[in-house]
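A short write-up of the structure that comes next.
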Amino acid sequence: MNSQESAPFFSRPQLTNTDNPLSPQGRFGRLSSIGWYAFIHLITFFATIALSLTMGIFNLNSLSMDNQFINTLTGITGLGFVIILVLYLYFLMVITVRRLHDMNRSGWFVLLFMLPLLNILLGLYLLFGSGTAGINSYGPPRATPVWEKILAWLMIILMLLSFLASSSMLSYMVGAGELEVPRQVIQKGSEYF
């Protein structure tokens, strides 16, 4: 008798992992969603830079934009940027729907992002709300791979560092007297024109 034929009888059947992270079905925990947000942002950033370099919009030698930027966007490059934008928005929506599923909420709540102020509250809810423990209406919880955890923590650390840097720069400018009342800022800004 072959040992491979008898193995399923004496051991647990292996469950096949059919979870596709880029599909709206399934769940994303907090770290998984932050990791995938970071991944999608990085891919979009590099795709935009690559398209800009390929089409000659951005020059690495002079670090400047093309003078005919608007004319360039009306051609094939504009179509490329639209495709990148549509894919970016689709994948952000998929990640958000999966995060809502983890909280046992319908994916249709993603439409709240189109309403002012509610989009901020929904973003905070998705960031700080805890997911459902165990199996919910959308399936079992998904294990977070190590690379998602690393990317998520890098994103969190970079966000905190950028917040601290911008607040310290603002504090320095207020203390040095560089920031004045808005009317004076407008007057000084309009002197150059």
Interatomic distance, OG1@T48 vs CZ@F46, rounded to 0.5 Å, equals 10.5 Å
State whether a side-chain donor-acceptor pair under 3.5 Å links T132 with N104. no
Heavy-atom side-chain proximity of W108 to L111 below 4.5 angstrom: yes
P141 and G134: which non-hydrogen atoms are nearest, and at how many Å? CD-O, 3.4 Å
Report yes if some heavy atom in the side chain of L112 is under 4.5 Å from a heavy atom in the side chain of L121; otherwise report no. no
Report yes if the side chains of F91 and L22 come closer than 4.5 Å at any heavy-atom pair, otherwise no. yes
Find out if a path of hydrophobic residues (ILVMFWY) with successive side-chain heavy-atom gaps under 4.5 Å connects L51 to V82. no
Indicate the atoms forming the closest heavy-atom contact of I156 with L31, along with that distance. CD1-CD2, 4.5 Å
Please tell me whether R99 and Y125 have a donor and an acceptor in their side chains that are separated by less than 3.5 angstrom. no
Would you indicate whether L161, at its atom CG, is surrounded by more than 12 heavy atoms from other residues, nucleotides or ligands within a distance under 6.0 Å? yes
Kindly give the heavy-atom pair with the smallest separation between A38 and L151, and that separation in Å. CB-CG, 3.8 Å
Residues two or more places apart in sequence or in another chain: which of them pass ring-ring contact (aromatic ring centres under 6.0 Å, His included) with W147? W36, F39
Linking I/L/V/M/F/W/Y whenever any side-chain heavy atoms sit under 4.5 Å apart, do F81 and Y90 land together? yes
Spatial distance of atom CD1 (I40) from atom CG (L89) [nearest 0.5 Å]: 11.5 Å
Compare every heavy atom of F109 with every heavy atom of L122, then report the nearest pair and how far apart it is. CD2-O, 3.4 Å
Please examine the side chains of H41 and L92, heavy atoms only from C-beta on, and report whether any two atoms are closer than 4.5 Å. yes
Examine the side chains of R98 and S33 and answer whether a donor and an acceptor come within less than 3.5 Å of each other. no
Atom pair CH2 (W153) and CD1 (I157), whose distance is rounded to the nearest 0.5 Å: 7.5 Å
Rounded to the nearest 0.5 angstrom, the CD1-CE distance for I150 and M155 is 15.5 Å
Decide whether I95 and L127 are clustered together by the hydrophobic rule: side chain heavy atoms of Ile, Leu, Val, Met, Phe, Trp, Tyr closer than 4.5 Å, transitively. no
Got a donor-acceptor contact below 3.5 angstrom from the H101 side chain to the G26 backbone? yes
Can you tell if the side chain of Y138 reaches within under 4.5 Å of the side chain of P24, non-hydrogen atoms only? no
Answer yes or no: is there a side-chain heavy-atom contact under 4.5 Å between Y37 and S32? no
F45-I83 co-clustered via ILVMFWY side chain contacts under 4.5 Å: yes
Co-membership, hydrophobic cluster, residues I49 and L87, 4.5 Å side-chain: yes
So, for Y88 and T44, which heavy atoms are closest and what is the spacing to 0.1 Å? CD1-OG1, 3.1 Å
Could you state the interatomic distance from CE (M93) to CG (L100), rounded to the nearest 0.5 Å? 12.0 Å
Between R30 and D102, is any pair of side-chain heavy atoms under 4.5 Å apart? no
Looking only at non-hydrogen atoms, find the nearest pair between A152 and G35 and report the distance. CB-N, 3.7 Å
If we only count heavy atoms from C-beta on, is the V94 to F28 side-chain gap below 4.5 Å? no
Kindly compute the distance separating CG (L154) from CD1 (I34), expressed to the nearest 0.5 Å. 12.0 Å
